[in-house]
Each structure stands twice: as C-alpha cells, then as structure tokens.
Amino acid sequence: MSETTHDSAVAMSAPPSPDDGLTPAQLAHKYGLSQSGARPGLFEYVRQLWDRRHFIAAFSSAKLTAQYSQAKLGQVWQVATPLLNALVYFFIFGLLMGGRGSMKNDVYIPFLVTGVFVFTFTQSSAMAGVRAIAGNLGLVRALHFPRASLPISFALQQLQQLLFSMIVLFLILVGFGHYPSWSWLLIFPTLALQYVFNTGLALVMARAGAKTPDLAQLLPFIMRTWMYASGVMYNLTEQLRGKHAPEWLINTLASNPASVYIDLMRFSLINHGFNKADLPPHVWALALGWAVVAGALGFVYFWKAEERYGRG
C-alpha cells in the first residue's frame, strides 16, 4: 500500500499482519507459548515432585546439618533442646503441680519425654512450614521447581531430627525398666502416619505464611495452647476426669491429632504403669484418618496457589 504526502513523496505503509485481531491466548496457542510459572495438573505436579525426590532429601539433610552449625555443641542441640524442655516440664508439672498424678517417676519420666519428643516433631514441622516459602523467596524466584518441595523437605528434616532424639529416648526407657518388646515395632507405623500428617500441616502453614508473614509470629502461641490441650506433660484423660469434665470434652481433646500420635507412641514404648484404657476408641483409625485428611487436603490446598508463590 502507498499514499502521497503533501510534498508529493510516496510513503509506503506496512501490510496488515496475519496476527491482527488475535487475542493473547490465541497468539500463545499459535506460537506454542505457555504461561511462565503456570500451575501444572495435580498428577503432573506429583510426578514433578517425585522427579525431585533427591533434591528434597538432600535439602532437608543440608538444613539439618546447618541448623546448629554456629553453636559449639553443634548437632548435640538436636537432642539437648527437647530434653531441657522435658526437664523444665518435669520440675513445673511433675513436682510443683502434681501433673504426674498416680504415676511414679519410673513411668512419668519416660511418659513425659516421649510426649515432648513427639509433640516437638509436629510443632517444629508447623513452625518450619510457615517460613518455607516466605523464608526462601530468593530460591523460589530464581529457580523453577514444584514449591511443595520446600515444606515437604522441612517436614522430612524434622523427622530426621526426631530419629536422632529417639536414640536418647530408648536409653531413657531402658534406664527406667521399659525394655524392648514386640510393641516397640508399632513406632514405625505411628511415625509414618505422623509424618504424613505433619507434612500436610506444613503445606497448609507454608501457603498461609506466604500470604500472611505475620502468622509466623502468632503460631508459637497457637502451638503452646495445642500442647497444653494434648496431654504432653500429664495424663489428659485422668486430669480431666479428676476435674469432672464432661465426657464429650474428654473424648474431643483425646482425639486431637497431636494427642493421638503421642498416646500411640507411649502405648508402643512404655511397658508398665501406663493406663492403656485411656486411649481413645478406634485410636488407629483416628491416626490414619488424621494423616489422610491432613496430607491430602494440605497438598491440594498448597498446590492450588502454586503459581502465586514468590510473586509480588
């Protein structure tokens, strides 16, 4: 096409483009383009996570090694921290407040240490999860990978830390006369179910923490309340019945996930002096149900916001 200008020169105009009138979506389809950072399908997302399983394991191990790298005692603090907490709880709840009830020290101390170690596993997973995205924005923005790798890796880190602590727990149990028995094998399905639950919880906290960073400041208060409601320092059922609490309240608190996994671990490890009738009915069904619900819903909840992490 051409047209004559005021000085009689002929100006040439560009011919119409074949892309004129196409929407951005049509243009992307025409030239094989895809949205950067788009959320993949759920099953494709699972496949991508499986492909990066070695990264998840290596990242969790590196974080575990670096956690206390600046401390002189190093990795000893992995075990010393929950043990010191247990010592404080023994002094406050066991000696001053009578939280051990009818239990003697040879039962109460393993009872208390088991509760502290198991609850710390869930507590640390939630605390690490809430910072999984917000605390690693440089990594999230620099590399393309399924973001769920981070909270899953942090939950795995806490599992590794618990396994170190279990060595000390076994020594305490044997020292107070609770020797290995066939019931000790139940710790494996208990830990597996708790890990799935903790991973789901970490995924929920990771998405919530990415959107609301202030949640990391609020979460310690929530976790402390949860600890008191889960019978970490005392036999929850015995204490509530002593206060004539309604049965529905006793069953509700005894069925919360932290209490369920703590009771199962105590049931597995403590050979005598622990009233196993205090376990909530259908305790294994509860443990499985909490793991499936938290794991599945937490994963889907996190995946739904995959394309929004690191933006803004």
Separation of L249 CG from L240 CG (nearest 0.5 Å) = 6.0 Å
Work out which heavy atom in L236 is nearest to a heavy atom in S230; give both atom names and the distance.
-> CD2-C, 4.3 Å
Sub-3.5 Å donor-acceptor pair from the side chain of W290 to the main-chain atoms of S255, do we have one?
-> yes
Could you identify which residues cluster with F221, counting Ile, Leu, Val, Met, Phe, Trp and Tyr as linked when any side-chain heavy atoms lie under 4.5 Å apart, either directly or through a chain of such contacts?
-> none
Any side-chain heavy atom of F59 sitting closer than 4.5 Å to one from L139?
-> yes
Under the 6.0 Å and 45° cation-pi test, does R47 pair with W50?
-> no
Distance-minimising heavy-atom pair for W184 and L269 | NE1-O, 3.2 Å
Can you tell if the side chain of K63 reaches within under 4.5 Å of the side chain of S153, non-hydrogen atoms only?
-> no
Where the side chain of Y108 meets the backbone of M233, is there a donor-acceptor pair that is under 3.5 Å apart?
-> yes
Is it true that a side-chain atom of S61 and a backbone atom of A58 form a donor plus acceptor pair closer than 3.5 Å?
-> no
Using a 3.5 Å cut-off and no angle test, enumerate the donor-acceptor pairs between side-chain atoms of residues 116-132 and protein atoms at least two apart in sequence or in another chain.
residue : atom : partner : partner atom : Å
T120    : OG1  : V116    : O            : 2.6
T122    : OG1  : Q194    : NE2          : 2.9
T122    : OG1  : N198    : OD1          : 2.9
S124    : OG   : T120    : O            : 2.9
S125    : OG   : F121    : O            : 2.8

Which distance, rounded to the nearest 0.5 Å, do you find between the OH of Y179 and the CG of L173?
-> 11.0 Å
Does NZ or CZ of R147 lie under 6.0 Å from the centre of the six-membered ring of F145, at an angle within 45° of the ring axis?
-> yes
Considering non-hydrogen atoms only, spot the tightest contact between A148 and E306 and give its length.
-> N-OE1, 4.3 Å
ring-ring contact (aromatic ring centres under 6.0 Å, His included) involving Y309 - partner list, sequence neighbours excluded | F302
Closest heavy-atom contact between I56 and S149?
-> CG1-CB, 3.9 Å
How far apart are the closest heavy atoms of V174 and P180, and which atoms are they?
-> CG2-CD, 4.3 Å
Between Q161 and Q157, does a side-chain hydrogen bond (donor to acceptor under 3.5 Å, both in side chains) hold up when you go through it step by step?
-> CA-CA 6 Å; Q161 185 161 332; Q157 174 194 345; 4.8 Å; no
Of the options L191, T114, I187, which is the one that meets S268 in a side chain to side chain contact (heavy atoms under 4.5 Å, CB included)?
-> I187
Between the CG atom in N136 and the CG atom in L143, the distance rounded to the nearest 0.5 Å is 11.0 Å
Starting from L297, walk the hydrophobic network (Ile, Leu, Val, Met, Phe, Trp, Tyr; side-chain heavy atoms closer than 4.5 Å) and list everyone else you reach, by chain and number.
-> V293
So, N256 and W226: side-chain donor and acceptor under 3.5 Å apart, yes or no?
-> yes
Could you state whether I167 and I270 fall into the same hydrophobic cluster, counting links through intermediate Ile, Leu, Val, Met, Phe, Trp or Tyr residues with side-chain heavy atoms under 4.5 angstrom apart?
-> no
Shared ILVMFWY cluster between F111 and L171, side chains joined below 4.5 angstrom?
-> no
Quick one: CG on L162 to CZ on F164, what's the gap to the nearest 0.5 Å?
-> 11.0 Å
Qualifying residue for side chain to side chain contact (heavy atoms under 4.5 Å, CB included) with S60, from L159, L150, L156 | L156
Closest non-hydrogen atoms of Y45 and P146, given as atom of the first, atom of the second and distance, are CE1-CB, 3.5 Å
With the side chain counted from C-beta on, respond yes when W303 and L49 share a heavy-atom pair under 4.5 Å apart, and no when they do not.
-> no
Test item: H178 side-chain N/O and I172 main-chain N/O as donor-acceptor pair under 3.5 Å | no
Side-chain atoms of residues 200-215: list all donor-acceptor pairs with protein atoms under 3.5 Å, sequence neighbours left out, distances to 0.1 Å.
residue : atom : partner : partner atom : Å
R207    : NH1  : Y301    : O            : 2.6

Kindly compute the distance separating CZ (F267) from CG (L264), expressed to the nearest 0.5 Å.
-> 8.0 Å
Starting at CG of L186, measure out to OG of S181 and round the result to the nearest 0.5 Å.
-> 8.5 Å
Using the side chain to side chain contact (heavy atoms under 4.5 Å, CB included) rule, take L288 and F197 through it: C-alpha gap first, then chi angles, then the decisive distance, then the call.
-> CA-CA 9 Å; L288 177 62; F197 171 81; over 6 Å; no
Go through the structure and list residues passing side chain to side chain contact (heavy atoms under 4.5 Å, CB included) with A291, not counting sequence neighbours.
-> L193, V196, Y261
